[in-house]
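Numbers here simply count residues along the sequence, with the first being 1.
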Amino acid sequence: MGWVPLVLAMGLVWRRRWWRFLLGGLNRPLIFLALFAWNFGSSHQYLLFLVPGLVAMAAVSASYGDLVNWFTLRRTYFRVLDEYLLAPISTNSLLWGHVVAGGLKGLVVATLVYTVAWLAVREFHFSLLFWVQLAIVCLLFASLAVAVAMVANGDRQVLVFSNLVVFPMTFFCGTFFPVEHLPGALATLSWFLPLTAATYNLRLLAVEASCRWSWLGQSLAWCLAFYLLAYLLLVWRRQE
């Protein structure tokens, strides 16, 4: 349970600046929701398609963006990570504490986006498996954030990776339009990205209250893979 103090410490930091974090996390999804609602107000089916994608986008942005910047600065500039690595705390507790804290932030923001959308379109379902799938997405990208922060030499490299990999992923994984509408090879490639199956399963759970277990399993496999990668990179840094 060595990870619990880390989660509580990050929670205290978040408590002091929660309004900035929420504004930053809610800004883009709610703007997209408002724009599409105004322009496609008569296309009710498209809003049913869009909202789960925006929820996934909010989860990715909030879980990944804040944590990767926080971790990178404290590793390369403030050197706080060196103190963590020297402390009598296991690598798994150190990693799990940061991943849980980052994932919880993403879950809060994504839940608020989903609640606002539900107030506008009251046909979405609230089921336990929906929150399980959403939590997996949050933990997945929080783990990716730590992995990226372990190898980035500064915020510029983080920005390059985010712009080239993470940001396009939020558009080409079935958030705004079906993956099937992408040209041949790109459509096939999209299904190998970690967000596509999760987005489609969130949509299925939100609209039809049913779950495709293969998509859930694929998301969980990506989450475990990124967590293992982050763990191995932390071990490598600890042994340096």
Side-chain angles (χ1 to χ4, degrees), residues 3 6-7 10 14 21 24-25 28-29 53-76 81 84-85 91-110 113 132-175 189-202 215-238:
W3 56 272
L6 285 172
V7 175
M10 294 182 73
W14 186 72
F21 175 78
R28 185 184 299 171
L54 291 179
V55 171
M57 174 187 286
V60 171
S61 299
S63 300
Y64 172 85
D66 193 58
L67 182 57
V68 71
N69 293 322
W70 189 94
F71 218 98
T72 302
L73 283 175
R74 280 151 184 79
R75 183 179 71 81
T76 60
L81 181 62
Y84 286 158
L85 295 178
T91 303
N92 189 59
S93 295
L94 175 63
L95 175 59
W96 186 238
H98 284 90
V99 168
V100 169
L104 284 175
K105 290 181 180 180
L107 191 61
V108 169
V109 172
V113 172
V132 170
Q133 177 67 81
L134 187 58
I136 290 174
V137 173
C138 295
L139 295 175
L140 188 162
F141 281 91
S143 299
L144 177 61
V146 176
V148 172
M150 285 295 97
V151 297
N153 290 325
D155 55 348
R156 290 185 179 180
Q157 288 191 4
V158 168
L159 184 61
V160 169
F161 181 84
S162 300
N163 287 337
L164 291 180
V165 179
V166 178
F167 183 69
M169 198 186 304
T170 59
F171 285 89
F172 291 98
C173 291
T175 50
L189 177 63
S190 295
W191 280 105
F192 290 94
L193 296 176
L195 188 59
T196 305
T199 301
Y200 271 76
N201 207 31
L202 283 173
W215 288 343
L216 184 67
Q218 185 177 335
S219 301
L220 185 58
W222 274 109
C223 183
L224 293 175
F226 282 141
Y227 186 88
L228 178 61
L229 176 61
Y231 177 82
L232 293 176
L233 289 171
L234 266 175
V235 170
W236 168 61
R237 288 287 179 185
R238 200 162 210 166

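In this structure, L224 CG and L139 CG are separated by 10.0 Å, a value rounded to the nearest 0.5 Å. Going from atom OG1 of T199 over to atom CH2 of W215 covers 10.5 Å, rounded to the nearest 0.5 Å. Rounded to the nearest 0.5 angstrom, L193 CG and W222 CH2 are separated by 7.0 Å. If you take CD on Q133 and CG on L216, they are separated by 5.0 Å, rounding to the nearest 0.5 Å. Note that the OG atom of S162 and the CE atom of M169 stand 10.0 Å from one another [nearest 0.5 Å]. Considering CG of N201 and CG of L134, their distance stands at 11.5 Å, rounded to 0.5 Å.
Of all the heavy atoms in G102 and A142, the pair that sits closest is C-CB, 4.3 Å. When all heavy atoms of S63 and G106 are compared, the closest pair comes out as OG-CA, 3.3 Å. The shortest heavy-atom contact between V137 and A59 is CG1-CB, 4.1 Å. Listed here is the closest heavy atom pair of M150 and R237: O-NH2, 2.7 Å. Shown here for L140 and C223, the closest heavy-atom pair between the two residues is N-SG, 3.7 Å. For S143 against A230, the heavy-atom pair with the smallest separation is O-CB, 3.7 Å.
Looking at heavy atoms from C-beta onward, V151 lies out of side-chain contact with Q157 at the 4.5 angstrom threshold. When side chains are defined from C-beta on, L67 counts as touching V146, because their heavy atoms get closer than 4.5 Å.
Proximity of a side-chain donor or acceptor of T196 to a complementary backbone N or O of S190 within less than 3.5 Å is detected. Of the possible polar contacts, none joining the T170 side chain to the M57 backbone as a donor-acceptor pair under 3.5 Å is found.
Using cut-offs of 30° and 60° for the angle between ring planes, the Y64 and F141 rings count as perpendicular. Taking the six-membered ring for Trp and thresholds of 30 and 60 degrees, W191 and Y200 have ring planes inclined between 30 and 60 degrees apart.
Here the options are V55, L195, L144, the test is side chain to side chain contact (heavy atoms under 4.5 Å, CB included), and the partner is V60; only L195 passes.
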Start with the C-alpha gap between Y227 and N92, add the side-chain angles, then the distance that decides, and say whether side-chain contact (heavy atoms from CB on, under 4.5 Å) holds.
CA-CA 10 Å; Y227 186 88; N92 189 59; 2.7 Å; yes
